[in-house]
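Here is the structure we will look at.
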Amino acid sequence: MGVEGIGARVVRKEDKRFITGKGRYVDDIKLVGMTHAHFVRSPHAHAKVKKIDSSAALDMPGVVAVLTGQQLVDDKVGNLICGWAITSKDGSPMKMGAWPAMAPETVRFVGQAVAVVIADSKNLARDAAEAVVVDYEELPAVADVHAAIKSGAPQLHPEAPGNQVYDWVIGDEGATDAAFAKAANVVKLDVTNNRLAPNAMEPRAAIADYDAAEEHFTLYTTSQNPHVARLVLSAFYNIAPEHKLRVIAPDVGGGFGSKIFIYPEEMVALWASKKVGRPVKWTGDRTEAFLTDAHGRDHVTHAEMAFDANNKITGLKVKTYANFGAYMSLFSSSVPTYLYATLLSGQYNIPAIHAEVVGVYTNTTPVDAYRGAGRPEASYLIERLMETAARQLKVDPAQLRRTNFITQFPHQTPVIMAYDTGDFNASLDAAMKAIDYAGFPARKAQAKAQGKLRGLGVSCYIEACGIAPSKAVGSLGAGVGLWESAEVRVNPVGTIEILTGSHSHGQGHETTFCQLVADRLGIPISQVSIVHGDTDKVQFGMGTYGSRSAAVGLTAILKAMEKMEAKAKKIAAHALEASEADIVIENGEFKVTGTDKAIALPMVALAAYTAHNLPEGMEPGLKESAFYDPTNFTFPAGAYICELEVDPGTGKTSFVNFVAADDFGRLINPMIVEGQVHGGLVQGIGQALLEHAIYDANGQPVTASFMDYAMPRAEDVPSFNLSHTTTLCPGNPLGIKGCGEAGAIGASAAVINAITDAIGKNNLEMPATPDRVWRTIHAA
Amino acid sequence: MYKTTYHRASSVDEAISLFGKSSEAKFLAGGQTLLPVMKQRLASPSDVIDLGKIKELQGVELSGDVLTIKAATTYYDIMTNADVKKVIPAIAHLTSVLGDPAVRYRGTIGGSIANNDPAADFPAALVALAATVKTNKRSISADDFFKGLFTTALEDGEIITAVSFPIPAKAGYEKMRHPASRFALTGVFVAQAKSGEVRVAATGASQSGVMRVGAIEAALKANWSPSAIDGVSISANGLLADIHGTAEYRANLVKVMAQRAVAAAG
């Protein structure tokens, strides 16, 4: 592997600029003549926009323009799209209301834009936005998913009667009913998966620059997938044809899914830059992030699990209501369906599953993918059910899991997914050993003597990552393919640039992707650069989400490397007068195996570009590209065990230990993997203990700042005890499964299982705030 | 932030003079409340008069049985002051759990009590210790100073110069942090004066701001020990309720935090 190859704990190349403040984010970019946008946003959750009076604002200093939703309509800018078509159980397509980038007639959530002020400075734009007078006629609003589906509830979109987007089913209902009819025991559980606000450190931002002479747009934006942004902006929003639109996502400060989507602000900035003839910059503030970044989760679920007399699971029934907010965001429809219900088998052999998911509109911020996207909801549900079942059946929770683990692979679940490999017992063994599972009863007794309630909770998660085989997702309704592309450019002096369609917004690609190249060629990573995030530089790409960049993006790089190496070997063999089959690559040299004859990579590269003496018929140059489409999802899995104490006087939870034993397949850089797990675990713990985006009954957000929305801090989380068990993924040549989302998927169930164990009461919703835990302890 | 004019006063007299010349001036101490509020455009003072660099408002003095903390002394300076740690360690502890390091380096005792946030820590210390607030005009007892939510006895243009604390026989402070803001969800300061008087003040609990807790005072007067509070019942009436804590939960916290504060006080 070499000191910087696969498996090495290489320090991140990109951290020098991030740590020294030299990162280049969208807001750092300043263009000549740049104007600034400030949006006029609805204070109402639901209202008719009767009149917008911009006259006072237009008279204010520095104001260039005030643009409204009606002008967007007049200019035929398209409505926002949802890119995954879901079909209801009655065969009808999902029912979507129109989402214009600025509302011309009706606003449906607090924070929805109705107009934008373009001015010479950010502050002048903000001043003038306050002078735009909008006459609203308030309408009744609904924020709660159950209230929204009641008859007589306020209706959001005429296209979706009863506020229902779809009523979708998966699995075999007859077989599941039959399993329940024969069940020895049935375990029932109601759970709410709390709504979360993503809160990337960098708020969203955009700079749009229109070149009138070339009729060409450049958009700098905080995107996880700039090529998809260009595709959608071109194909659906009529901004410009693809070759007249360049999208650049420079350094991006965290995404967690929230920067996958194409939002109204980027569209409006592009359109406005052409209208005013100057570059337009918009940088959201934290309040706008709370109000307009797509939220995550927000499920209400009833589930039942059937067991036979030997505690084997025989069936699972699930009914979930998914809150989509006021509009269908880009991939929202897929999250509670194909990214959720397809994982309901968990790590277990479940012969029959039936799930129904009802998608519901409410007067709240749109909901879409957030770290894990559907899989945390599935994992939380199954792992809470398993713990509940263990308590009800009076068996050890670890043993109940072992009784039901899938041990033969490949394994076809009843809900589409075919697990390729795994060793669930190995992960659970590792986690139980790390936490000293056997010693827990003694520790619990000891804590009790000190007035503390100690609990232990297990969570055995599985996820589907490496998103995704294009043909498979296409057959399920996806509007795009989910392959990845790469290009390897060997420069004439032997340095290498890797162009990738993956996008790094904190993941460390500039290091890990170089490690693959270093591993294959035996050169230091300092000789390799990663180029990403610019549609003019990289031909195409699908971006970074769904733990896909290593499994899919890095495999594409590997494929391009293999092509490049094959050509380089031909050149080397020609120069060394040897057989191509005898050439091996070691320490940056092409060697004739078993001899001391060698030619260094720079000399091969130079030969390729001088082209003075290439093999007969060979094209000059040393540059290859590849597209890689995976054949299956990958299935990272693991076991998390959390030990904690609850203070009965305050309900406050304190961690004693948190162990995570993950199987991610091959690790490129274990240090970076650990960082990904740490971050994911903190987000999972945040969901379990702290975070909750709350609306009142009228759709007013209650948690639109950090004064009310509780983000996890360092003091809220323990020092994690991580380990890895490994089964290599057979679906890609590197054996990689992906690690970006695991922590957020597996952690919350472990925490709630532990708290409910500690307090001896099974029903406890997230977030388990001290108040809620205290009330649960003392409830009659 | 709206346009404003910033002044750095070099003395209390200059600050008062500047205040008199402005239409809608605000005094700025550590800026941990005023500046965020201005950035959110919820306040738009014509002038901001910075008191933070006034030398006569800095520092801690120990004189006999009285500890005096000047108004513009930062939490960090209070927390690390040897006299504070020696004579009223409960105040050093209170400042060590107030906000976060950034807040503690900038925020001041004067700024905290002048703002009188119902969840701020210092009002509980002042009330329980029967402190005296010194201004450029007068001395005000803590009981008279705090007048409900974000309201104090301060008159327009009056500047707090210092707070004087009688050194107690025993004192302790414990709080439950608000999960999001890290203000006190509820905090309780208990103090036994050298005279034997017991005063207990809770912050973050009451809809009217800092409050004395008579039932706990009576129990502790009879028996200064955590278990003396076991039988006390705190009513949830009039207590704050929000997404992070019901009124019943806060009532419980008043009792539990008081017990822990007594334990900490020794």
Side-chain angles (χ1 to χ4, degrees), chain A residues 38 61 121-124 126-127 129-130 194-195 197 199 285-288 290 451 647-654 685-686 688-696 700-716 766-779, chain B residues 1-4 32-33 36-42 44 96-97 99-103 117 119 174-188 204-205 226-227 229-230 234 236 239-261 263:
Chain A
H38 192 90
S121 80
K122 197 175 161 80
N123 258 330
L124 291 171
R126 194 170 174 183
D127 289 344
E130 289 175 4
N194 41 323
R195 177 186 281 241
N199 278 314
D285 61 23
R286 187 57 60 183
T287 305
E288 288 179 300
F290 273 108
D647 176 346
T650 62
K652 188 172 166 55
T653 296
S654 306
I685 290 170
L689 294 182
L690 295 156
E691 298 184 53
H692 195 187
I694 300 174
Y695 289 82
D696 71 13
Q700 284 293 329
V702 177
T703 50
S705 86
F706 289 137
M707 292 297 281
D708 301 300
Y709 188 91
M711 287 294 279
R713 284 134 153 118
E715 67 172 21
D716 297 317
M766 299 189 291
T769 60
D771 176 24
R772 185 173 269 167
V773 172
W774 178 81
R775 281 186 283 122
T776 306
I777 292 171
H778 296 281
Chain B
M1 192 181 282
Y2 293 109
K3 199 178 254 186
T4 190
Q32 297 306 291
T33 300
V37 167
M38 287 174 69
K39 284 180 184 171
Q40 289 177 301
R41 297 189 158 205
L42 297 171
S44 52
S96 75
V97 295
D100 53 31
V103 169
D117 188 301
E174 289 297 321
K175 76 166 168 180
M176 184 72 186
R177 289 178 166 215
H178 184 288
S181 71
R182 308 288 156 128
F183 273 79
L185 192 62
T186 289
V188 177
S227 61
I229 306 169
D230 284 346
I234 304 293
L239 297 195
L240 291 164
D242 56 33
I243 56 170
H244 295 287
T246 54
E248 292 74 21
Y249 180 61
R250 282 182 160 90
N252 169 67
L253 286 180
V254 169
K255 185 170 157 177
V256 172
M257 291 300 123
Q259 288 178 312
R260 292 177 188 184

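To find a chain, count down the sequence lines: A is the first, B the second, and so on, and within it residues start at 1.
Between the side chain of B/Asn252 and the main chain of A/Gly649, a donor-acceptor pair closer than 3.5 Å is present. A donor-acceptor contact shorter than 3.5 Å is absent between the side chain of B/His244 and the backbone of A/Asp771.
Partners of A/Met711 under the side chain to side chain contact (heavy atoms under 4.5 Å, CB included) rule, at least two apart in sequence or in another chain, are A/Asn199, A/Glu691, A/Phe706, A/Tyr709. Listed by chain and residue number, B/Asp121, B/Tyr173, B/Lys175, B/Thr203 satisfy the side chain to side chain contact (heavy atoms under 4.5 Å, CB included) test with B/Ala184 (two or more places apart in sequence, or in another chain).
Neither the backbone nor the side chain of A/Ser705 comes within contact range of chain B; no heavy atoms are under 4.5 Å apart. Heavy-atom distances place both the backbone and the side chain of A/Pro770 under 4.5 Å from chain B. For B/Arg250, no part lies under 4.5 angstrom from a heavy atom of chain A. For A/Arg126, the parts lying near chain B are the backbone and the side chain together; criterion is any non-hydrogen pair under 4.5 Å.
Rounding to the nearest 0.5 Å places CZ of A/Arg713 at 8.0 Å from CZ of B/Arg177. In this structure, CD in B/Gln40 is found 6.0 Å from OG1 in A/Thr287, a value given to the nearest 0.5 Å. Note: B/Thr246 OG1 to A/Arg772 CZ = 11.0 Å, rounded to the nearest 0.5 Å.
Counting heavy-atom pairs under 4.5 Å between each of B/Arg41, B/Met176, B/Met1, B/His178 and chain A puts B/Arg41 at the top. For the set A/Leu690, A/Val702, A/Asp127, A/Ile694, the entry with the most heavy-atom pairs within less than 4.5 Å of chain B is A/Asp127. Of the residues considered (A/Thr769, A/Leu689, A/Asp647), A/Asp647 shows the highest number of contacts with chain B, using heavy-atom pairs under 4.5 Å.
In this structure, B/Glu248 and A/His778 have side chains that are not in contact, with every pair of non-hydrogen atoms separated by 4.5 Å or more. Using a 4.5 Å heavy-atom threshold, the side chains of B/Tyr249 and A/Thr650 count as touching.
Salt bridge annotation for A/Asp285-B/Lys39: absent, with no cationic side-chain nitrogen under 4.0 angstrom from a carboxylate oxygen.
When every heavy atom of B/Pro179 is checked against every heavy atom of A/Ala710, the shortest pair comes out as O-CB, 3.6 Å.
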